[in-house]
Amino acid sequence: MTDINRTLWGIGTPRTLRPIWTLIELGLAFEHRKIAPRSPGMDNPEFRSLNERQKVPFYKDDRVQIGESAAIVNYLADRYGKDVLPMPGPGTQERATLMDHTMYLMTEIDARLYTTRLHGEPPNGLSATYGSAPVAVEAAKEYVSRGLREAARWFADGQQFAQGAHFGTVDILLVSCLDWASTRHIVLPTLLADYRHTMTLRPGYIEASAQNIPARAI
Ligand SMILES: N[C@@H](CCC(=O)N[C@@H](CS)C(=O)NCC(=O)O)C(=O)O
């Protein structure tokens with residue numbers, strides 16, 4: 001395992017936090033190329049040649065070159081997760097639920113949060129580039145609020161983690177969305193606010209968050 005070269009491109013966003021946190025939870029060494037979105041580092045020739053999408057995160061190892069944050073997280077857990085980030089087997093009810101929650105978070109929550117980013121006003125929003133759309137931004141925030149109420153129901157039976165008894169990939173994706181929603185001043189359901197607080201006390205989260213700070217970006 002130690003001779004595998006793993007490289008992760010990307011820093012500074014909730015999406016880049018996801019693979020950083022996963023790699024740290026799994027105890028996997030990796031080279032971190034600290035490229036921030038819309039920074040000169042995005043024009044690096046090696047990065048451009050590997051990643052036509054021109055997006056971060058992007059991950060490469062001896063098997064894969066992939067760029068979707070949730071795909072990187074699930075790939076790493078599939079390959080290396082055991083006691084930490086265990087992955088239920090294909091065809092099981094637990095795997096189906098994991099995929100359901102993963103897709104829900106990425107398509108219903110993450111994508112709407114990105115709408116608030118693309119069309120929101122500076123300093124956090126990119127309306128100068130993608131156009132100002134206050135009605136769309138407010139609608140997206142309301143959409144996210146409704147979506148988070150659904151995510152809160154995943155914990156209805158009092159379970160500690162999104163997948164039940166074990167910390168898992170869905171927790172990484174959900175917490176990153178909760179972090180992002182908080183920066184957009186979206187009020188979290190109390191249950192999710194408390195859950196987020198607990199998750200952010202994990203050593204892996206603390207280390208990953210520190211590593212995801214773009215001050216050191218190139
Ligand atoms: N669905 C992708 C989204 C990736 C994405 O849009 N990344 C943004 C930063 S959060 C980016 O690289 N933006 C650069 C640009 O659009 O120029 C994922 O979850 O990884």
Side-chain angles (χ1 to χ4, degrees), residues 6-24 30 32-61 64-78 85 98-133 136-137 140-141 143-144 147-148 151 162 168-184 186 208-209 211-218:
R6 301 180 195 86
T7 308
L8 178 72
W9 285 260
I11 193 169
T13 85
R15 282 135 169 197
T16 57
L17 176 72
R18 294 165 187 161
I20 296 172
W21 188 4
T22 305
L23 286 157
I24 288 172
F30 64 104
H32 192 187
R33 305 273 178 90
K34 301 182 176 77
I35 293 176
R38 287 166 293 283
S39 75
M42 298 287 281
D43 294 324
N44 174 275
E46 184 196 7
F47 178 67
R48 289 188 77 94
S49 69
L50 287 169
N51 181 16
E52 291 284 335
R53 295 178 196 171
Q54 292 296 290
K55 295 267 187 177
V56 289
F58 185 77
Y59 173 81
K60 178 177 180 294
D61 67 15
V64 301
Q65 300 181 15
I66 51 177
E68 280 294 323
S69 56
I72 301 168
V73 167
N74 282 338
Y75 162 73
L76 290 169
D78 263 333
L85 295 176
L98 181 151
M99 290 307 298
D100 173 82
H101 291 4
T102 298
M103 298 301 287
Y104 187 82
L105 288 169
M106 293 305 98
T107 61
E108 300 293 333
I109 308 282
D110 173 290
R112 313 296 167 182
L113 287 166
Y114 203 42
T115 298
T116 73
R117 169 97 169 126
L118 292 181
H119 300 294
E121 304 304 321
N124 287 326
L126 300 172
S127 60
T129 305
Y130 295 101
S132 178
V137 167
K141 287 171 74 171
Y143 200 105
V144 170
L148 292 180
T169 56
V170 176
D171 293 301
I172 288 176
L173 302 176
L174 175 55
V175 171
S176 66
C177 287
L178 298 177
D179 286 354
W180 196 355
S182 296
T183 68
R184 292 287 175 252
I186 294 168
S209 297
Q211 187 151 344
N212 195 37
I213 292 173
R216 290 168 290 156
I218 54 172

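Remember, predicted model here, so these are calculated numbers, not experimental data. Order of listing sets the numbers, starting from 1, for every ligand and every atom in it.
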How close do R184 and N124 get, heavy atom to heavy atom, and via which atoms?
NH1-CB, 3.0 Å
So which protein heavy atom does atom 20 (O) of ligand 1 come closest to, and at what separation?
S69 N, 2.9 Å
Sorted by chain and residue number, the side chain to side chain contact (heavy atoms under 4.5 Å, CB included) partners of L118 (sequence neighbours excluded) come out as Y114, L126, Y130
Does the side chain of M106 come within less than 4.5 Å of E68's, by heavy atoms?
no
Can you list the atoms of ligand 1 that are under 4.0 Å from a heavy atom of P57?
20 (O)
Beyond-backbone contact of L178 with L148, side-chain heavy atoms, under 4.5 angstrom
yes
Distance under 4.0 Å to a non-hydrogen atom of G67: what atoms of ligand 1 satisfy this?
20 (O)
Starting from atom 12 (O) of ligand 1, what is the nearest protein heavy atom, named by residue and atom, and what distance separates them?
V56 N, 2.8 Å
What is the closest protein heavy atom to atom 16 (O) of ligand 1, and at what distance does it sit?
K55 NZ, 3.5 Å
Shortest protein heavy-atom distance from atom 15 (C) of ligand 1, along with the residue and atom involved:
R38 NH1, 3.5 Å
E68 contact mode with ligand 1 (heavy-atom cut-off under 4.0 Å):
both
Pairs touching residues 7-20 that satisfy salt bridge (charged side-chain N to carboxylate O under 4.0 Å, His left out), sequence neighbours left out:
R15-D110, R18-D110
For a 4.5 angstrom cut-off between non-hydrogen side-chain atoms, does T22 reach I72?
no
Any heavy-atom pair between the side chains of Y59 and L76 that's under 4.5 Å?
yes
Counting only nitrogen or oxygen atoms and a 3.5 angstrom limit, does R15 reach ligand 1?
yes
Which of the numbered atoms in ligand 1 are below 4.0 angstrom from a heavy atom of T13?
10 (S)
Atoms of ligand 1, numbered as shown, that sit under 4.0 Å from any heavy atom of P37:
9 (C), 13 (N), 14 (C)
